[in-house]
Amino acid sequence: MLPQELIGKSGEIGYESPSNIALVKYWGKFGRQYPRNTSLSFTLSKAKTITNCNFQFTDKAVSNLDLAFTFEGTQNQKFEGRIRKFLLSVQDEFNWIPFVKFEIESKNTFPHSSGIASSASAMSALALCIIHIHNIVEPTPENEQLKKASHLARLGSGSASRSVFPTLALWGEHPDISESSNDYAIPFHEGIHPIFHDFHDDILIVSKKEKSVSSSAGHQLMENNPYASVRYQQATQNISDLIKCMKEGNLDEFIRIVESEAMTLHALMMCSSPSYILMEPNTIEIINKIRSFRSETKVPVSFTLDAGPNVHVLYPKAHKKAVKAFIDAELKAHTEEGEIIEDQVGLGPRKV
Ligand code: PMV
């Protein structure tokens with residue numbers, strides 16, 4: 001039962017929350033969405049989800065939830081089903097959920113079906129709204145709220161735990177980082193060289209098609225991957241090495257580690273059983289061209305990949321002009337309909 005004074009109370013809350021791009025990848029999970037290794041990501045700024053939630057506390061619990069969801073202005077059964085399943089799955093911690101009538105609207109700033117995974121931005125925006133409501137039921141100290149939101153976002157989508165924090169976020173226990181946790185991400189920008197605070201990430205959309213193998217299935221396949229344990233050790237070492245070079249502002253080392261992480265992620269897919277490939281021929285063309293351009297011009301541009309064919313082109317802000325000219329002349333032709341999202345490291349979620 002809800003406390004009597006809450007019944008009938010209503011309100012509205014909205015959050016916009018960005019996507020993030022992992023530099024050291026989370027790939028492999030166990031238990032209730034715990035990561036097999038530590039990951040570190042840039043929080044982006046333009047690729048965002050904006051979620052608005054109207055809520056009203058009632059005196060009767062609805063077992064399958066009283067929820068209406070619209071995505072980009074229209075009812076969306078598939079997404080509504082996912083949100084319902086997620087909210088039902090966290091009732092053990094948020095036991096007021098069945099007593100609330102929810103009307104949730106959501107939209108993305110990036111084109112729908114651009115091949116960009118929106119689970120990190122969507123789940124973090126939703127988690128922030130839910131934590132706002134939770135705070136009415138059970139006030140939480142301000143410094144605990146983001147931690148709680150990160151924890152809740154994680155239960156929706158592991159990588160979403162990192163979108164709650166600005167600039168750079170780290171998720172998963174690491175032997176050298178005492179505050180690190182499998183439960184939630186932590187902000188990680190302190191002491192990082194300023195060159196990384198406004199790093200650019202131009203996302204080249206190679207294919208807008210839905211992925212043939214989902215991330216959940218990919219994580220699952222790591223359980224029988226013969227290289228899994230070596231991979232988790234490598235990720236732990238890469239975290240230490242990447243943090244060191246990001247503190248020093250060492251771009252050569254940054255590029256070496258970040259590109260190796262992207263290639264490792266896709267190599268793990270290729271040696272899973274069953275094996276699969278998410279890169280497209282154009283992904284490889286772009287990677288080769290970036291490497292040649294870097295070696296010829298010494299412009300410190302690099303790439304990383306998500307679990308998909310699209311390429312994230314990473315570089316310091318000062319090189320924007322040179323990289324833009326290069327992308328227009330050489331890379332754009334390898335994208336689907338010239339689609340590029342010119343993003344950069346950002347300041348994290350915002351109440352709207
Ligand atoms: O959060 P999930 O379950 O969609 O997994 C994301 C996995 C990668 O994007 C490939 C890596 C990462 O750390 O974000």
Side-chain angles (χ1 to χ4, degrees), residues 17-44 47 49 79 82 85-86 89 108 110 114-127 150-165 168-174 180 182-186 188 201 203 210-223 225 228 231-232 234-236 238-239 242 257-270 272 276-279 283 303-312 314 343 345:
S17 189
S19 184
N20 69 71
I21 179 68
L23 303 172
V24 173
K25 311 289 180 183
Y26 145 59
W27 200 237
K29 62 178 172 182
F30 67 98
R32 199 168 171 194
Q33 202 91 304
Y34 290 120
R36 288 277 184 204
N37 64 264
T38 324
S39 57
L40 182 71
S41 58
F42 275 143
T43 300
L44 297 177
T49 298
F79 291 169
R82 277 192 208 159
K85 194 168 156 212
F86 167 64
S89 77
N108 291 339
F110 43 96
S114 59
I116 290 288
S118 60
S119 62
S121 54
M123 279 302 168
S124 54
L126 179 63
S150 173
H151 158 81
L152 179 59
R154 184 202 103 223
L155 295 173
S157 168
S159 57
S161 64
R162 300 183 308 239
S163 274
V164 167
F165 298 107
L168 205 61
L170 180 133
W171 171 45
E173 283 166 13
H174 189 281
S180 63
N182 281 350
D183 250 322
Y184 46 81
I186 56 172
F188 212 75
D201 175 7
I203 311 168
E210 194 158 336
K211 290 184 291 193
S212 56
V213 179
S214 68
S215 283
S216 321
H219 287 292
Q220 194 51 48
L221 288 172
M222 280 301 282
E223 291 307 293
N225 188 304
R231 157 59 192 160
Y232 304 140
Q234 176 206 40
T236 305
N238 277 348
I239 287 279
L242 187 64
I257 298 168
V258 167
E259 292 193 351
S260 156
E261 276 289 319
M263 293 305 226
T264 300
L265 172 69
H266 284 261
L268 289 165
M269 297 174 192
M270 290 183 216
S272 287
Y276 64 106
I277 304 177
L278 294 185
M279 289 194 280
T283 312
F303 68 85
T304 189
L305 305 166
D306 245 333
N310 302 325
V311 184
H312 290 246
L314 302 172
D343 213 332
V345 169

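Scope of the values below: all heavy atoms of this structure, side chains included, with no hydrogens, waters or symmetry mates. Indexing begins at 1, ligand by ligand and atom by atom, following the structure's order.
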*Nitrogen or oxygen atoms of D306 and ligand 1 under 3.5 Å apart*: yes
*Do me a favour and list the nearest non-hydrogen protein atom to atom 1 (O) of ligand 1 with residue, atom name and distance?*
S159 OG, 2.7 Å
*Heavy atoms, side chains only, cut-off 4.5 Å: are L221 and W27 in contact?*
no
*Does K25 reach the main-chain N or O of A235 with its side chain, forming a donor-acceptor pair under 3.5 Å?*
no
_Residue E223 excluded, over 12 heavy atoms near CD under 6.0 Å_ = yes
_Only heavy atoms of G158, strictly under 4.0 Å: list the atoms of ligand 1 that pass._
1 (O)
*For ligand 1, is any non-hydrogen atom under 4.0 Å from K29's backbone (N, CA, C, O), its side chain (CB onward), both, or neither?*
neither
*How far is atom 7 (C) of ligand 1 from its nearest protein heavy atom, and which residue and atom is that?*
Y26 O, 3.5 Å
*When you measure from atom 5 (O) of ligand 1 to every protein heavy atom, which one gives the shortest distance, and what is it?*
H219 NE2, 3.0 Å
_Sub-4.0 Å atoms of ligand 1 with respect to non-hydrogen atoms of S215_ = 4 (O)
*Is a donor on one side and an acceptor on the other found under 3.5 Å between the side chain of S41 and the backbone of A22?*
no
*asked:* For the 3.5 Å polar cut-off, considering only N or O atoms, please tell me whether S157 and ligand 1 meet it.
replied: yes
*Please write down residue, atom name and distance for the protein heavy atom closest to atom 14 (O) of ligand 1.*
R162 NH2, 2.7 Å
*Quick one: which ligand 1 atoms are inside 4.0 Å of a heavy atom on A22?*
12 (C), 13 (O), 14 (O)
*Is there a donor in the side chain of S19 and an acceptor in the side chain of S121, or the other way round, less than 3.5 Å apart?*
no
_From T43 atom OG1 to L168 atom CG, the distance as rounded to the nearest 0.5 Å_ = 7.0 Å
*Which of these, H312, E259, M263, sits in a side chain to side chain contact (heavy atoms under 4.5 Å, CB included) with T304?*
H312
